[in-house]
A.B. asks: 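What follows is a structure written as structure tokens; I'll ask about it next.
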Amino acid sequence: MTSSSSSSSSTQELLNTLLNNPSTIKSKLQAKQLHAQILKTRPNPSPSHISALLSLYSNFANLLRDSLLLFQTLHSPPPLAWKSLIRSYTSHGFFLQSVASFVRMRASGRYPDHNVFPTVLKSCAMLGDLTLGESLHGSVVRHGMDSDLYTCNALMNMYSKFRSLGKNGGERFSARQVFDEIPEWKGGVESYFGGVEKREVNADASRDSIESSEMSKEMETRLPRTSNASGISKRKEVERHVQMDSVRKVFDMMPYRDLVSWNTVIAGSAQNGMYEEALSMLREMGNNNMKPDSYTLSSVLPIFAEYVDIIKGKEIHGHAIRNGFDADVFIGSSLMDMYAKCTRMEDSLRVFDLLPRCDAISWNSIIAGCVQNGMCDEGLRFFRQMLTAKIKPMPVTFSSIMPACAHLTTLHLGKQLHGYIIRSRFDYNVYIASSLVDMYAKCGNIRTARWIFDRIETHDMVSWTAIIMGCAFNGYAHDAISLFEQMEAKGTKPCYVTFIAVLTACSHAGLIDKAWEYFNLMTQRFGIAPGLEHYAALADLLGRAGRLEEAYNLISDMHIEPTGSVWLTLLAGCRVHKNVELAEKVAEKIFMVDPLNMGAYVILSNVYAAARRWKDVARLRASMKKKGMRKKPACSWIEVRNKVHAFVAGDNSHPYYDRINVTLKVLLEKMEREGYVPDTNEVLHDVDEEQKKALLSSHSERLAIAFGIISTSAGTPLRITKNIRVCVDCHTAIKYISKIVGREIIVRDNSRFHHFNGGKCTCGDYW
DNA sequence: ATAGGGTTAG
């Protein structure tokens with residue numbers, strides 16, 4: 001069809017095509033040309049022609065405005081026009097308007113048929129309002145559509161979506177809002193045909209026609225809710241089952257089921273955490289001669305990711321390959337995620353490499369997989385590749401990549417991403433905000449973290465935990481505890497991780513009684529079984545306070561098997577309090593469960609060195625060598641003008657090496673005048689005092705600090721990150737340095753933050 | 001004509 005055919009007779013042909021063979025019109029352009037053609041010769045097309053054109057328009061994207069204009073020319077829109085309008089609204093994401101139009105259609109006396117219900121039900125699923133959904137279900141039943149295949153499939157999907165939308169903080173709408181939306185012709189739309197009369201909308205009639213409450217009652221008798229009074233604590237579980245019970249009821253009443261029906265139930269169960277039900281439906285579907293397709297497989301793969309079941313996951317992967325589904329982006333994404341959750345990144349990367357086409361979600365999968373497995377640099381590389389490939393990042397992309405910045409302490413990257421997030425208007429997404437809070441906190445910028453936290457609209461458990469952990473990590477224990485109390489007052493239930501944060505705060509401030517109080521609160525009131533991290537925080541606290549026996553008994557009486565890292569916290573306590581006997585006993589425990597624990601070797605060596613037991617130091621060194629263990633060199637890094645500078649003790653390759661040494665020497669003189677006495681006790685080498693002092697002042701954090709002093713202007717805070725713990729002497733030394741240079745120095749080591757200012761550190765004696 | 005799938009934060 002071309003625009004050159006302009007005679008009246010050919011217009012008649014076009015109209016016949018429109019009415020009888022609309023499927024021959026395959027493009028938006030053709031549809032618009034047809035519209036223009038009709039206008040040229042027929043100033044007043046019949047309602048059936050307009051409806052047919054409207055139906056055609058609703059097949060294409062970005063024609064909503066044209067559809068609305070066309071619709072407005074109709075004084076009494078026939079069913080086809082209504083259905084097309086509703087379809088247009090839904091396909092353009094105007095779900096509220098879609099349902100409202102359905103209500104208006106009913107108010108105008110037109111009857112819905114089996115074609116329109118699936119679309120309306122889909123809109124309702126997106127709106128996430130249960131009451132509205134039940135009303136629509138009532139309408140389905142009263143119009144005799146409760147045996148229609150497509151309608152039932154849409155109904156099941158709708159019920160299964162209510163929970164997951166609510167859980168994700170998706171916007172919730174109510175039937176009330178649908179009514180508010182009904183007088184939707186707010187002017188500004190002018191007709192192509194001119195001379196449109198404004199029609200009155202009878203809102204009362206609309207209200208009568210849907211009768212939400214009455215329908216809800218009707219639905220209650222048809223779909224009785226399970227009265228599962230198993231307990232208040234499992235309220236969430238029960239709620240979840242109520243929706244899935246409705247899905248099952250629809251499923252069981254269906255006279256005929258197709259693959260979509262099965263897939264809808266399986267996906268619904270999987271998405272609502274009912275994994276066993278989903279898997280039993282998968283088996284049952286085979287008994288009913290239904291062969292799983294790519295939809296089925298991509299729905300069940302997340303279950304094996306959650307179960308960390310690589311065997312079953314690989315079975316599905318094999319099935320996908322045998323059936324030619326392995327090029328499917330949906331299956332690819334869930335496969336990458338499954339392998340990543342099973343810590344099999346090689347397999348995950350291979351799936352990614354073999355995927356012929358990638359969309360935003362498959363990029364997210366590989367990025368999240370890398371970051372979750374500690375491959376932060378690779379994650380960032382994929383993120384850049386994604387941008388290069390012109391794939392627009394989604395909110396999920398940012399919450400996946402931000403932890404990489406937090407882990408690497410690359411504040412400049414995190415800030416850059418934050419800028420991108422603000423420009424994309426994603427900054428009120430609670431997932432992203434939580435990851436930003438964590439990133440800023442982990443980069444030592446607790447004020448910005450708090451600023452972002454304060455601007456989150458509704459805090460959830462994770463965002464509370466992020467800020468509490470942020471304060472705890474940064475040494476602001478009392479803020480952390482106060483925030484925890486605020487969280488309780490707001491009625492947000494703390495979880496396992498929240499208590500790790502609270503106990504970390506206590507350990508940072510030496511609040512032993514408080515810590516026990518929270519430990520008991522967690523176990524007794526919240527019924528959370530303490531994990532390794534909780535025990536570690538408590539043992540750390542007791543150890544630092546010198547209550548070594550108490551810590552030893554705590555770890556010995558744990559209800560789970562302690563790992564080397566739990567014992568290691570106590571070993572560190574033994575070092576601080578110079579208890580050689582207990583240190584040996586604890587180290588023995590560690591070597592029993594973890595013979596290659598580097599930390600244990602290093603700390604025990606420190607303990608021996610402090611006691612001048614050089615033979616034991618040598619024995620340990622020989623033992624390490626025999627096992628092929630090499631001490632990981634201490635490394636510190638600092639960000640200066642968006643570039644990360646890394647320093648290793650004794651490394652003289654840095655261009656500023658000489659200037660750094662001069663600065664350190666000048667500083668040392670000033671420090672000694674202020675009263676600094678080097679603590680050479682932990683120097684592992686049996687050398688003279690002067691050499692020990694020289695070794696101490698070449699520790700990597702001091703090189704990084706000196707570099708920071710040289711290359712930034714006066715008053716700028718210095719942020720240092722170290723891969724291992726800051727030693728006792730450096731801790732003392734940095735206090736002096738902060739006073740002398742009048743700067744805030746923030747040092748993050750693998751376990752906590754130290755904010756030095758004016759000769760003091762936030763962690764006080766509990767370094 | 002109309003219905004079904006994958007990825008995030010502490």
A.B. asks: Has the side chain of Asp328(A) got a donor or acceptor atom sitting under 3.5 Å from an opposite partner on the base of dG5(B)?
C.D. replies: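 Such a pair exists between side chain and base.
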
A.B. asks: For the side chain of Ala267(A), counting heavy atoms from C-beta on, which of dG5(B), dT7(B), dG10(B) is nearest?
C.D. replies: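 Ranking dG5(B), dT7(B), dG10(B) by closest atom to the Ala267(A) side chain puts dG5(B) first.
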
A.B. asks: Looking at dG6(B), dA1(B), dA3(B), which one has an atom nearest to any side-chain atom of Ile361(A)?
C.D. replies: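 Comparing dG6(B), dA1(B), dA3(B) against the side chain of Ile361(A), the answer is dG6(B).
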
A.B. asks: Which of these nucleotides, dG6(B), dA3(B), dA1(B), is closest to any side-chain atom of Asp258(A)?
C.D. replies: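 Among dG6(B), dA3(B), dA1(B), the one nearest the side chain of Asp258(A) is dA3(B).
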
A.B. asks: Using the test salt bridge (charged side-chain N to carboxylate O under 4.0 Å, His left out), find all partners of Asp438(A) that sit at least two apart in sequence or belong to another chain.
C.D. replies: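 With neighbours one apart ignored, the set is Lys442(A).
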
A.B. asks: With Arg447(A) as the cation and Trp451(A) as the aromatic partner, state whether NZ or CZ is under 6.0 Å from the six-membered ring centre and within 45° of the axis.
C.D. replies: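 No - Arg447(A) does not lie over the ring of Trp451(A) by the 6.0 Å and 45° rule.
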
A.B. asks: Would you mind reading off the distance between Leu155(A) atom CG and dA3(B) atom C1', rounded to a whole angstrom?
C.D. replies: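 Atom CG in Leu155(A) sits about 10 Å away from atom C1' in dA3(B).
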
A.B. asks: Look at the side chain of Asp359(A) against the base of dG6(B) and say whether a donor-acceptor pair falls under 3.5 Å; ignore hydrogens and angles.
C.D. replies: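 Between dG6(B) and Asp359(A), which were checked side chain against base, a qualifying N/O pair under 3.5 Å is present.
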
A.B. asks: Are OP1 or OP2 of dT7(B) and a side-chain N or O of Gln372(A) less than 4.0 angstrom apart?
C.D. replies: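 Looking at the OP1 and OP2 atoms of dT7(B), neither is under 4.0 Å from any side-chain N or O of Gln372(A).
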
A.B. asks: The side chain of Val396(A) lies closest to which of these nucleotides: dA1(B), dT8(B), dG5(B)?
C.D. replies: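 In terms of side-chain proximity for Val396(A), the closest of dA1(B), dT8(B), dG5(B) is dT8(B).
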
A.B. asks: Which nucleotide in the list dG5(B), dG6(B), dA9(B) gets nearest to the side chain of Ser362(A)?
C.D. replies: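 For the Ser362(A) side chain, the nearest candidate turns out to be dG6(B).
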
A.B. asks: Can you tell which of dT8(B), dA1(B), dG6(B) lies closest to the side chain of Ser399(A)?
C.D. replies: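 Shortest atom-to-atom distance from the side chain points to dT8(B).
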
A.B. asks: Do Thr90(A) and Ser123(A) get their side chains close enough for a donor-acceptor pair, meaning under 3.5 Å?
C.D. replies: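 Yes.
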
A.B. asks: Once you apply a heavy-atom cut-off of 4.0 Å, does Asn115(A) come out as touching a base, just sugar-phosphate, or nothing?
C.D. replies: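 It contacts base atoms.
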
A.B. asks: State which of dG5(B), dA1(B), dA3(B) makes the closest approach to the side chain of Tyr150(A).
C.D. replies: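 Nearest to the side-chain atoms of Tyr150(A), counting from C-beta on, is dA3(B).
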
A.B. asks: So what does Cys152(A) touch, heavy atoms closer than 4.0 Å: a base, only the sugar-phosphate, or nothing?
C.D. replies: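 Here Cys152(A) touches no strand at all.
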
A.B. asks: Would you list the pairs meeting salt bridge (charged side-chain N to carboxylate O under 4.0 Å, His left out) in which at least one residue belongs to residues 321-337 of chain A, sequence neighbours left out?
C.D. replies: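 For residues 321-337 of chain A, and leaving out neighbouring residues, the salt bridge (charged side-chain N to carboxylate O under 4.0 Å, His left out) pairs sorted by first residue read Asp337(A)-Lys341(A).
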
A.B. asks: dG5(B) base to Ser298(A) side chain: any donor-acceptor pair below 3.5 Å?
C.D. replies: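 A donor-acceptor contact between them is present.
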
A.B. asks: Looking at the side chain of Ser365(A), which of dT7(B), dA1(B), dG10(B) is the nearest nucleotide?
C.D. replies: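 Nearest nucleotide to the side chain: dT7(B).
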
A.B. asks: Take the protein atom CD1 of Ile452(A) and the nucleotide atom C1' of dA9(B), then report the distance between them rounded to whole Å.
C.D. replies: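 My rounded result for the distance is 13 Å.
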
A.B. asks: So if I take every side-chain heavy atom of Lys83(A) and compare against dG5(B), dA1(B), dA9(B), which nucleotide ends up nearest?
C.D. replies: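 Taking heavy atoms from C-beta onward, the closest nucleotide is dA1(B).
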
A.B. asks: Counting heavy atoms from C-beta on, name the nucleotide in dA3(B), dG5(B), dG10(B) closest to the side chain of Val497(A).
C.D. replies: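 Of the candidates, dG10(B) comes closest.
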
A.B. asks: Could you tell me whether the side chain of Ser333(A) has a donor or acceptor atom within less than 3.5 Å of a complementary atom in the base of dG6(B)?
C.D. replies: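 Donor-acceptor pair under 3.5 Å: yes.
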
A.B. asks: Looking for any heavy atom pair under 4.0 Å, which part of the strands does Val329(A) touch: base, sugar-phosphate only, or nothing?
C.D. replies: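 Here Val329(A) touches the bases of the nucleic acid.
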
A.B. asks: Counting only heavy atoms not in Tyr496(A) (residues, nucleotides, ligands), do more than 12 fall under 6.0 Å from its OH?
C.D. replies: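 Enclosed.
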
A.B. asks: Determine whether a donor-acceptor pair (one donor, one acceptor, N or O, separation below 3.5 Å) exists between the side chain of Ser299(A) and the base of dG5(B).
C.D. replies: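 Donor-acceptor pair under 3.5 Å: no.
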
